[in-house]
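See structure below.
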Amino acid sequence: MTIRVYNTMTRSKEEFVPREPEKVAMYVCGPTVYNHIHIGNARTFLTFDIIRRYLSWRGFDVTFVQNVTDVDDKIIKRAAEEGLSAAEVAETYTREFRLAMEALDILRPSRQPLATETIPQMIHMVERLIAGGHAYEVDGDVYFSVRSFAGYGKLSGRDIDDLESGARVDVDERKQDPLDFALWKTAKPGEPRWPSPWGEGRPGWHLECSVMSEEELGLPFDIHGGASDLIFPHHENELAQSEAATGEMFVKYWMHGGLLQVNAEKMSKSLGNFMLLKDVLEAYPTPVVRLFMMQTHYRSPLEFSTDRLDEAATAYERITGPLRDLEVAKRSRARERAEAGAGDGAWATRLAKAVEDAKVRFVEEMDDDFNTAGGLAVVFGLVREMNAFIWEGPGVGAHGEHLPLLERAATAIKEPLEVLGIEITLQPVRVSEYPAEVFQLAADYAGYTGVVGTEAVDALRKARDVVRSEKNWAVADAMRDRLQALGFTVEDKPDGSHITYGR
RNA sequence: GGCGACGUCGCCAAGUGGCAAGGCAGAGGCCUGCAAAGCCUUUAUCCCCGGUUCGAAUCCGGGCGUCGCCUCCA
């Protein structure tokens, strides 16, 4: 079975054959660090985190390089607004970016060079382009000549003449062609600057991507990723720079993720309709946010809303349900029956088959251009089978003899989620998050006078079990109502009652 | 205006030639002291019109609608 990926260059799914067997070299455009990243930015980084994790899981040795663009017009603008230096702004948001990635459980890149650390290489690339007749200097600025590169437009499917007739590009008489773009800019007063053969200045277009990818990965590397709004002009220019400078093929597979939308409109900082990743993660656990994103294919647009996130939270609980039930069953031998039933063998056969099928089908789905939505459907199917086995079927069996099978089922649910980086949390409760009112309840019903949240809840559970055993339903129900009002969930299962918070 | 993507159940969403996954929400049933959880059942002539094919959500043509890019943008 081979992996197939959608290549923007050819607009079709292609068999994935890396340049070296068993090894994948990938590059994903990182952020320009002038602000916190928003949840739309995060979607793209998450997409390529999944792709990276999956390829690793499938046995490839993945080298993952991501730049940080820490010199740029927007950073300079932001610095001016805040009365800081550009370097200070960049440093702050580089740090924030890394923290946010960590909070989203995104694996760290193998290498993450800063643009400002690769200035000499960028200058060298500009020199190479000038020497090859692909760039020219005007008064300390250097421009790339789009007409000098025959392949210009091949990634985005555009034609230079069509683009010029669109003519929303600034007309600058110093350029030989309106579409020519700046590789090096003369520094204005107060701007960051580095010495160069064309005077003091700074990099223009995203040379850092061209330079870093060549330096860290070599050409052509396997996968270049980014969001679809980067196809033109960002990646088109990057491709032109690199191929014109080196004369080699730049990238084997161009992969682009779909945009996150709000009210059917692209989420973007310029439209002002964005939510910061860090704010979303304050309201929703990381696994829920990841699950939410993965329920849609990475190339499709995805509508962002808290309703959708709430639904994903419910779906997440559905997945963790049987895993939690199994843990409880292991400890308490709940769902253990007096004797084996006549149909137990058929149940076991069916679950065992479901487990094997799920493993195969997950790989099939993911091999097909990283279809996480399809892969999750497989997981949900297994969740249903496992639930049925526990609650309708033999459970753990008469003497726990079905525990190994249930463990295998649990593993078959957990492994795909691990591949997708969705952490399984069976104990979602942090004591500090309990509402303070729970102590009053515990005092009223259980005589508990301590200050430890878990103890208070446990005392309530025991007190309620006593009341229930006395069939004093009025009190038992009142306790449940009051707990639910505080945000707790009370479930009376065959092995006793469970009180959880935050579900 | 040019280039590109998309339109599948109430909502979200897989599926790119062979009987339409999955999640959320709803209805009925089972289980339960009542709930919750869980299980079972239940709802799709796949935007419209033509065409190709034994067979199309899937391919082709034409509409209608939505979104993205063409300026910084994940």
Legend entry - Asn41(A) side chain near C73(B) phosphate (N/O to OP1/OP2, under 4.0 Å): no

Inset, instruction - Using a 4.0 Å heavy-atom cut-off across all strands, classify His235(A) as base, sugar-phosphate, or nothing. - result: nothing

Inset, instruction - Could you measure between the two P atoms, the one in U66(B) and the one in A27(B), and give it in whole Å? - result: 34 Å

Inset, instruction - Classify the nucleic acid contact of Ala373(A) as base, sugar-phosphate or nothing, counting any heavy atom under 4.0 Å across all strands shown. - result: base

Inset, instruction - Compare side-chain N and O positions of Ser300(A) against OP1 and OP2 of A14(B) and report whether any pair is under 4.0 Å apart. - result: yes

Legend entry - Quiz item: cation-pi between Arg52(A) and Phe64(A), 6.0 Å / 45°: yes

Inset, instruction - Pick base, sugar-phosphate or nothing for Arg468(A), based on heavy-atom distances below 4.0 Å to the nucleic acid. - result: base

Inset, instruction - Give one of base, sugar-phosphate or nothing for His297(A), where a contact means two heavy atoms less than 4.0 Å apart. - result: sugar-phosphate

Inset, instruction - Tell me whether the centres of the aromatic rings in Tyr253(A) and His224(A) are closer together than 6.0 Å. - result: no

Legend entry - Whether over 12 other heavy atoms sit under 6.0 Å from Lys77(A) NZ: no

Inset, instruction - Could you work out the separation of C49(B) and G38(B) based on their C1' atoms and round it to a whole Å? - result: 47 Å

Inset, instruction - Answer yes or no: does a side-chain N or O of Arg11(A) lie under 4.0 Å from OP1 or OP2 of C3(B)? - result: no

